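Here the structure is a predicted model, which is why all the values come from computation and not from measurement.
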Amino acid sequence: MPRAMLKLLRLPLAGMATAGGAYAYAHSKMEGLKSTFHGFISSASDTATDLYDSVSEYSSSVLDSARGGLRSFMGRLEDIKKAEFWDQQTVGGDEEPPEEPDPQNDENGGGGLAAAAAAFAASLSGSSEEEEEDEKQEEKQENTDDLMVLTRKLIEVRNILKTIDHDSDELVLPSIVVIGSQSSGKSSVLEAIVGHEFLPKGNNMVTRRPIELTLVHVPKDHPPADGIYEYGEFPGSGGGKITDFSRIQKVLYDMNMSVPQEECVSDKPIELHIHSPHVPDLSLIDLPGYVQLSSMDQPEELREKIQNLCNKYIKEPNVILAVCAANVDLANSPALRASRKVDPLGMRTIGVITKMDLIDPTVGAAILNNNKYPLSLGYIGVVCKAPQQMGQSMFAYSRSRTLVQLTQEYERRFFDEHREAYEAPKRGRNAGIAPLVGTDQLRRRLMVVLEEHMGSSLSGVSNVVRSELDDAAYQFKVQYNDRSITPETYVAEVMDIMKQRFKLFANSFGKPEVRLLLKNALDDRVMDILAQVYWSDTELPALTELGSHRKITQQDVDPAWLNKLDLSASSLTKSGIGRMSTQLVANTIRSQLEQLATAEPFNHHTETAERIITFGSALLRDRFAVTADQVENCIKPFKYEVEMEPREWERGREQSVRLMQNELEMCNEAQDRLRKVIGSRRLRGAMEYIHQLEERERKRVAERMEHANETGELDLEADDQADPTRPGFNAALLMKAREARFLQERSDILRLRIAALKSRRCKAGPESQVFCPETFLNVVADKLTYMSVMFINIELLTEFFYQFPREIDARLGFDMSHEDMVNFARENPAIRKHIDLQERKFKLEEVMIKLEELTRLYSEKQLPQRSASSKWFFF
């Protein structure tokens, strides 16, 4: 609107000026003319003032120009009047100037008015031309900004496509691949483009891996949030922003030196992003330099590997930046030879001629004219390294500037001094086209070429992305029903699974379960004590005899048997019940934790499973000592005296009968297994043979003892006639036979004791504890179990069941970073497949949106072709 109003304003003002001139010409008197015209000018000024108030602030400069034109017009009128006055004075002497001009002078006066009107119109037209020029400049700036935006968006699309796993060569946008020999100045060209020394340096070959360099322009009028305009970052390492380019150089050196010397080079790229207001948006790939001659340090194998690596990257659709030294014949350039193999017509190859200051300017201009070895994209000459003595003097002159900046100054001065040599040729194929020289021209050219090649690839890439997206969306729908998942939700789900399973275990492992667990352990201990104290060959007959005499009371029993009963109870109560029971419960919980930590899906997360077991064990260990001490303190009275009621005795007797019957069943099952393995007949024969051997041994021992009593000497010589085995009975069979005899003897004892426990004497009550030690020890075990479980539940179980789920959240949920969660989720193959397909779909959707936007911008707006001499506004 402001521009339209200004254009409408010019025509009334011009018409007013013309009408004023005509009106002044019609009057015959100069004074009348002056007063009339002053009135007109005042009216025009008022009109202009009113229009000025009605338009926007943008039109103030044009109105000021119009007012200046009016003032100049008034000054012109005054000059015309003074000139006429002095002409009349010269002709008429001292006569007063006539009040009315001579009719002959009307024509002159009219001519002066016409000239004044023309001057005013010229001022208006001049102002219009300046505004049109400003409009063109603004349009050019807008077009350049559009191109910069398009290039940046294309690079963003390319970076996203790099992260998508694909086998299609069409699903890639071009980059600029920099190739050249080791001495061609390839690194210096890249550093000149960036404006900093950042590539690794060394006497030997230090570039052993491709460097994928992405340059990102940072506008100065849009400051970053952290205020850092210029920095580099390595996306793969996550090291953050690096503002010191010497540190970037060190990191690149270390990454390249990580390749073993025997491997020479690696095809694993290094990603580097450099953000700066002094770089264009570009995507470059720096490769190891070609080896010209094989040597001890650079064998033939290295030469072949570098060629294969470069051939991998210079394939379509990448743009080739062939770096050649000016002082070397282009026919010997390995970069041009390699590019011709994959790009015979030179449609995607740019030649960069370095060291232009080392040859005659006319020779350099001839090279750049692209006549001898023509390339469609042409050649660009640069000087990326100043002479050594000049570089030292320049560096000493300006300590505040980098060597790259000083070299660029030297380059500009060199091409300015030889401007005539690098002018456009008047004849030939390149007549009227000046060769491109300088790093600035190289930056602009690379930006234009990359944008053009990326734009030309949009249609093909869009079709491939559309096809890949359709396939990914179909697979995602079929396999996962469009259900999205994130590492955070998976971690939360896994933690919930663990806590839910642990809650089920906690609910199923209460006081009854702990009591049963501990009672079984004490029952085993009771059986061992009974077998050791009462069920031996020497003690069992006495116990059987006591049980058979019903009239014998506890007062009639030998005191030694009473001591045996106290010894048995002490062996049970003073055997470290607190530590034993606490350890038993802790081991059970730890075993359950191991089962939970190795079940699905934790079987895929071995490190997390170890962490769960570790901090679970730590919690149990922290409560172990306190719990064991509390249990020992609570059972201390039972170490000295155990009181029991008839009801407890009867329950203990029934439990003892069941315990003995279970033991008898286990013995019978073990005997049956031996009979099935060996055979009943053979096993019985082996058992009889062992019985004979035992009887023979007893007789021999008795005879020796008798002989020793008679003679006073003990014969220790072995009986040579004794045969420990006989044919058909080997050592393994005899061992099985001894085991069967033991089981048979234990079965006999158990039957005998079951009958005793069911007898009327054991049913009499606690006063029969001497005759029924099995019942007495069982009642003691019950009391120990009850008291131990009570304190184990308070001191260990309750605390552990409360603390463990919270430790899961603290150590596995809240303590994990996003990267840890991603790595955790990808440890599960099924989840990794789900996430990969989901990320592929999301990335393809993002790329598709960006490509559709770029395609729309290309179709709606005709972008101007930028020439090599067009201005680049951010440099």
Can [X] and [Y] be counted as an ion pair, charged N to O under 4.0 angstrom?
| X | Y | result |
| --- | --- | --- |
| E663 | R746 | yes |
| R806 | D809 | no |
| E697 | R700 | yes |
| K636 | E632 | no |
| D523 | K519 | yes |

For a 4.5 angstrom cut-off between non-hydrogen side-chain atoms, does [X] reach [Y]?
| X | Y | result |
| --- | --- | --- |
| E774 | L757 | yes |
| V585 | L620 | no |
| P773 | R753 | yes |
| D672 | R675 | yes |
| N778 | V526 | no |
| Q592 | E594 | no |
| E513 | T588 | no |
| L837 | K841 | no |

[X] side chain to [Y] backbone, donor-acceptor under 3.5 Å:
| X | Y | result |
| --- | --- | --- |
| R611 | R811 | yes |
| T489 | I485 | no |
| W649 | K763 | no |
| T627 | T582 | no |
| E648 | E645 | yes |
| S575 | L572 | yes |
| S747 | C667 | no |
| S571 | L567 | yes |

What pair of heavy atoms forms the shortest contact from [X] to [Y], and how long is it?
| X | Y | answer |
| --- | --- | --- |
| N793 | T798 | O-OG1, 2.7 Å |
| G616 | F800 | O-CE1, 3.5 Å |
| I635 | G578 | CD1-N, 4.5 Å |
| T775 | R653 | CG2-N, 3.4 Å |
| F476 | R483 | CZ-O, 3.4 Å |
| T598 | N603 | O-CB, 3.3 Å |

Does a donor on one side chain and an acceptor on the other come within less than 3.5 Å for [X] and [Y]?
| X | Y | value |
| --- | --- | --- |
| Q803 | E799 | no |
| S817 | D820 | yes |
| Q479 | H834 | no |
| R590 | N587 | yes |
| K639 | S570 | no |

- Query: Would you call the rings of F804 and F615 parallel, tilted or perpendicular if under 30° counts as parallel and over 60° as perpendicular?
  - Reply: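 It falls in the tilted class, 30° to 60°.
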- Item | D836 vs R840, salt bridge (charged side-chain N to carboxylate O under 4.0 Å, His left out): CA-CA, chis, key distance, verdict | CA-CA 6 Å; D836 288 344; R840 178 181 177 84; over 6 Å; no
Can you establish whether the number of heavy atoms outside [X] located under 6.0 Å from its atom [atom1] is more than 12?
| X | atom1 | result |
| --- | --- | --- |
| F801 | CZ | yes |
| K241 | NZ | yes |
| K736 | NZ | no |
| E600 | CD | yes |
| Y640 | OH | no |
| R501 | CZ | yes |
| Y474 | OH | no |

- Evaluation steps, side chain to side chain contact (heavy atoms under 4.5 Å, CB included), between V491 and M495: CA-CA 6 Å; V491 171; M495 296 304 106; 4.2 Å; yes
- For D748 and R751, run salt bridge (charged side-chain N to carboxylate O under 4.0 Å, His left out): C-alpha distance rounded to whole Å, both residues' side-chain angles, the deciding distance at 0.1 Å, then the answer. CA-CA 5 Å; D748 294 339; R751 292 189 186 93; 3.3 Å; yes
- Among H605, R832, H604, find the residue that satisfies the side-chain hydrogen bond (donor to acceptor under 3.5 Å, both in side chains) test when tested with E827.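 Between E827 and the candidates, side-chain hydrogen bond (donor to acceptor under 3.5 Å, both in side chains) is satisfied uniquely by H605.
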- Mind checking the CD1-OG1 spacing from I808 to T608? Nearest 0.5 Å is all I need.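 With rounding to 0.5 Å, CD1 (I808) is 11.5 Å from OG1 (T608).
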- Query: Nearest 0.5 Å, what's the CG-CE distance between L596 and M498?
  - Reply: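 Interatomic distance, L596 CG to M498 CE, rounded to 0.5 Å: 5.0 Å.
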- Task: For M660 and M527, run side chain to side chain contact (heavy atoms under 4.5 Å, CB included): C-alpha distance rounded to whole Å, both residues' side-chain angles, the deciding distance at 0.1 Å, then the answer.
- Result: CA-CA 9 Å; M660 306 287 274; M527 296 296 290; 4.3 Å; yes
- L593/F505 under side chain to side chain contact (heavy atoms under 4.5 Å, CB included): CA gap, chis, key distance, verdict: CA-CA 9 Å; L593 289 181; F505 164 69; 5.9 Å; no
- Task: Before giving the answer on side chain to side chain contact (heavy atoms under 4.5 Å, CB included), spell out for M787 and K783 the whole-Å C-alpha distance, their side-chain angles and the decisive distance to 0.1 Å.
- Result: CA-CA 6 Å; M787 297 300 295; K783 290 180 176 291; 5.6 Å; no
- Message: Using ring centroids (six-membered ring only for Trp), state whether F776 and F771 fall under 6.0 Å.
- Response: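 Between F771 and F776, the centre distance exceeds or equals 6.0 Å.
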